[in-house]
Engineer: 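Sharing a structure here in structure tokens format.
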Amino acid sequence: ERVYLSGCDFRNANLLGVWFLDCDLMHANFSGAKLGSNSFHGSCLSGAVGFSQPQRAYVLSSGGSFRRGRKQREKI
């Protein structure tokens, strides 16, 4: 919770069940990462890369935002 993980390399990581609560995940690399049962509530993923369209939709539905600043409703 509230962890600064900007620029982290999560390539091919098993992130099943990990909760990212109010985290800074800007510019992180998620290429090949396994997602499921996650929460991205309040987390900023601006500039994060490696998400497929379904994964991006999943992150948004799990509370994450790909925009900087105040969390706003985003198009998938």
Engineer: Taking side-chain contact (heavy atoms from CB on, under 4.5 Å) as the test, write out the residues that go with Cys23, two or more places apart.
Structural biologist: Val3, Phe20, Leu25, Ser43
Engineer: Has Ser6 got a side-chain atom pairing as donor or acceptor with Met26's backbone, closer than 3.5 angstrom?
Structural biologist: yes
Engineer: How about Ser46 and Phe66: do any of their side-chain heavy atoms sit closer than 4.5 Å?
Structural biologist: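 No; the side chains remain at least 4.5 Å from each other.
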Engineer: My understanding is that a hydrophobic cluster links ILVMFWY residues whose side chain heavy atoms are under 4.5 Å apart, including indirect links. Using that, what else belongs to the cluster containing Val49?
Structural biologist: none
Engineer: Could you tell me the separation between the CG atom of Leu45 and the NE2 atom of His27, rounded to the nearest 0.5 Å?
Structural biologist: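 It is 11.0 Å, given to the nearest 0.5 Å.
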Engineer: If a pair satisfies salt bridge (charged side-chain N to carboxylate O under 4.0 Å, His left out) and one of its residues is in residues 8-18, list it, with sequence neighbours excluded.
Structural biologist: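 Of all non-adjacent pairs touching residues 8-18, those that pass salt bridge (charged side-chain N to carboxylate O under 4.0 Å, His left out) are Asp9-Arg11.
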Engineer: Going from CZ on Phe10 to CG on Leu15, what distance comes out if it is rounded to the nearest 0.5 angstrom?
Structural biologist: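 Between Phe10 CZ and Leu15 CG, I get 6.5 Å after rounding to 0.5 Å.
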Engineer: Look up atom CZ in Arg68 and atom SG in Cys44, then write down how far apart they are to the nearest 0.5 Å.
Structural biologist: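 Answer for the CZ-SG pair, Arg68 versus Cys44, is 7.0 Å.
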Engineer: Using atom types as modelled and distance alone, determine if a side-chain donor or acceptor of Asn38 lies under 3.5 Å from a backbone N or O of Trp19.
Structural biologist: no
Engineer: Can you list everything that forms a ring pair (Phe, Tyr, Trp, His ring centres under 6.0 Å) with Tyr58? Sequence neighbours excluded, please.
Structural biologist: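 For Tyr58 there are no ring pair (Phe, Tyr, Trp, His ring centres under 6.0 Å) partners, ignoring immediate neighbours.
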Engineer: Kindly compute the distance separating NE2 (His41) from CG (Leu21), expressed to the nearest 0.5 Å.
Structural biologist: 7.5 Å
Engineer: Do Phe51 and Leu60 have side-chain heavy atoms sitting under 4.5 Å apart?
Structural biologist: no
Engineer: Run the side-chain hydrogen bond (donor to acceptor under 3.5 Å, both in side chains) test against Asn14 and tell me which residues pass, sequence neighbours left out.
Structural biologist: none
Engineer: Could you give the distance from CD (Glu1) to CG (Asp22), rounded to the nearest 0.5 Å?
Structural biologist: 6.0 Å
Engineer: With sequence neighbours excluded, tell me which residues meet side-chain contact (heavy atoms from CB on, under 4.5 Å) with Asn12.
Structural biologist: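 Not a single residue meets the side-chain contact (heavy atoms from CB on, under 4.5 Å) criterion with Asn12.
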